[in-house]
Amino acid sequence: MSDFRQDGAAALEWVAGYLEGMRERPVLSRAAPGNVRRALPAEPPERGEPFEAILRDLDEVIVPATTHWNHPRFFAYFAITGSKPGILAELMSAAFNVNAMLWRTGPAATELEELALDWLRQLLGLPEGFHGHIEDTASTSTLAALAVARELRPDGVIACSEHAHSSVDKAAKLLGLTVCKLAVDDEFRLLPEALEKLLARERIAAVVATVGTTSTTSVDPVAAIAGLCERAGAWLHVDAAYAGSSAVCPELRWALEGVERADSLVVNPHKWLFTPVDCSALFTRRPEDFRRTFSLVPEYLRTSEEEVTNLMDYGPALGRRFRALKLWTVIRSYGREGLQELIREHVRLAQLFATWVEAEAGWEVEAPHPFSVVCFRRDASDEENESLLERVNATGEVYLSHTRLRERFVLRLAIGHAATTEEDVARAWDVLRAA
Ligand SMILES: *Cc1c(COP(=O)(O)O)cnc(C)c1O
């Protein structure tokens, strides 16, 4: 092993240079399949190599074959940010290498997770009484919530709108549950009447309402859905993986109206709260039901502390890395005001982009855009829109993705990187028009 301080300084220098040079790189990797495998030895080295050799391969092989999610002109899927405070916290977290399965095996990691999630609860304007813990992804959070719902009502089905995220289907598949998809209104929001009808003929274990759907960021009417769930005794899980973070801004809290009545709620700080992947916050008003579902304590994990939280009791994984450190660091570094400023700016930029699209002949906005995602298309065939998107992404200037709405191919621009400026968004619009 070579000198840790020297290699560490070189690593930090490398990271700083990588971040600084971001705008010069093509957002979407131009690598062909197999490039990386061909460029690297197929067999492991016999003797340890110097860290410099690894840094060289990062530059020569890894960077060119990376699609740069940390690029300010990444506008595909949901744009995210590995912020600098978050990156540094990941370094510390690796140094601790804590496995916080039990309070005893990670007192600080356990208590910081409870604290950071309580800070997040307050930032989002959620009432007291919501218990929060961290899972790796929203997929796992939803799986965990639906597992609890199944424990309470094993013979029930899962209901969600046809615009709910595919992680609901995957969770149901893993849990052996059936999913009933409900119709949406003309703004892609779950129709409560459709849920009411389903409740009349099916026993429902859980309803998943989405705040910020993946295609259009539409918001299901959570309060109305909560009323129906309460009457039927069904679990209400709210998937706000992306849009939940917007509630940091009071003027956007309308989207979480009714969430205080949900049994569980997932918000991903790794989506729109500047925390590096992976960090998904799972809140519940029913922590005791989570413990009943997940607590399984073999002899070798028994400890004498009684009044402590053992986070392994709240989800599917036993081993838990110290993810709270990066969330806590990000919240401290930006503060409520800093987070609000960024989210407001992203919403402003998306609204501005939508006005450009609307003002241009031959282009159309395809869905309401309450947050930082705009769905739009050329007034042309699906094939033309699809090939337009290919040409735009091939420039390397920007990266956008697509969805399908009312059977039509639709382009999607998602703003969410902390360094994205109005100029970056204007560049996207220029590239789109030029293509
Ligand atoms: C992104 C997203 C997910 C999946 O998130 P992962 O953390 O990648 O599992 C689930 N639901 C919604 C609404 C999303 O936007």
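Just so you know, ligand 1 is whichever comes first in the structure, and atom 1 is the first atom listed for that ligand. Model, not experiment: these values are computed from the prediction.
For Trp103, the side-chain hydrogen bond (donor to acceptor under 3.5 Å, both in side chains) partners are Glu111, not counting sequence neighbours. Under the salt bridge (charged side-chain N to carboxylate O under 4.0 Å, His left out) criterion, Arg391 pairs with no residue at all, not counting sequence neighbours.
In this structure, Arg321 forms no cation-pi arrangement with Phe96, as its terminal cationic atom is not both closer than 6.0 Å to the ring centre and no more than 45° off the ring axis.
Salt-bridge formation is detected for the pair Asp289/Arg292: a Lys NZ or Arg NE/NH1/NH2 atom is positioned less than 4.0 Å from an Asp or Glu carboxylate oxygen. A salt bridge links Arg433 to Glu360: one of the charged nitrogens lies within less than 4.0 Å of a carboxylate oxygen.
Applying the side-chain hydrogen bond (donor to acceptor under 3.5 Å, both in side chains) test to every pair with at least one member in residues 239-250, sequence neighbours left out, gives these pairs: Tyr242-Ser372.
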Would you mind writing out a table of all protein N or O atoms found under 3.5 Å from any N or O atom of ligand 1, naming both atoms and giving the distance to 0.1 Å?
{"from": "ligand 1", "atom 1": "7 (O)", "to": "Ala138", "atom 2": "N", "distance (Å)": "2.7"}
{"from": "ligand 1", "atom 1": "7 (O)", "to": "Asn268", "atom 2": "ND2", "distance (Å)": "2.9"}
{"from": "ligand 1", "atom 1": "7 (O)", "to": "His270", "atom 2": "NE2", "distance (Å)": "3.4"}
{"from": "ligand 1", "atom 1": "9 (O)", "to": "Ala138", "atom 2": "N", "distance (Å)": "3.3"}
{"from": "ligand 1", "atom 1": "9 (O)", "to": "Ser139", "atom 2": "N", "distance (Å)": "2.8"}
{"from": "ligand 1", "atom 1": "9 (O)", "to": "Ser139", "atom 2": "OG", "distance (Å)": "2.5"}
{"from": "ligand 1", "atom 1": "11 (N)", "to": "Asp239", "atom 2": "OD1", "distance (Å)": "3.2"}
{"from": "ligand 1", "atom 1": "11 (N)", "to": "Asp239", "atom 2": "OD2", "distance (Å)": "2.6"}
{"from": "ligand 1", "atom 1": "15 (O)", "to": "Lys271", "atom 2": "NZ", "distance (Å)": "2.8"}

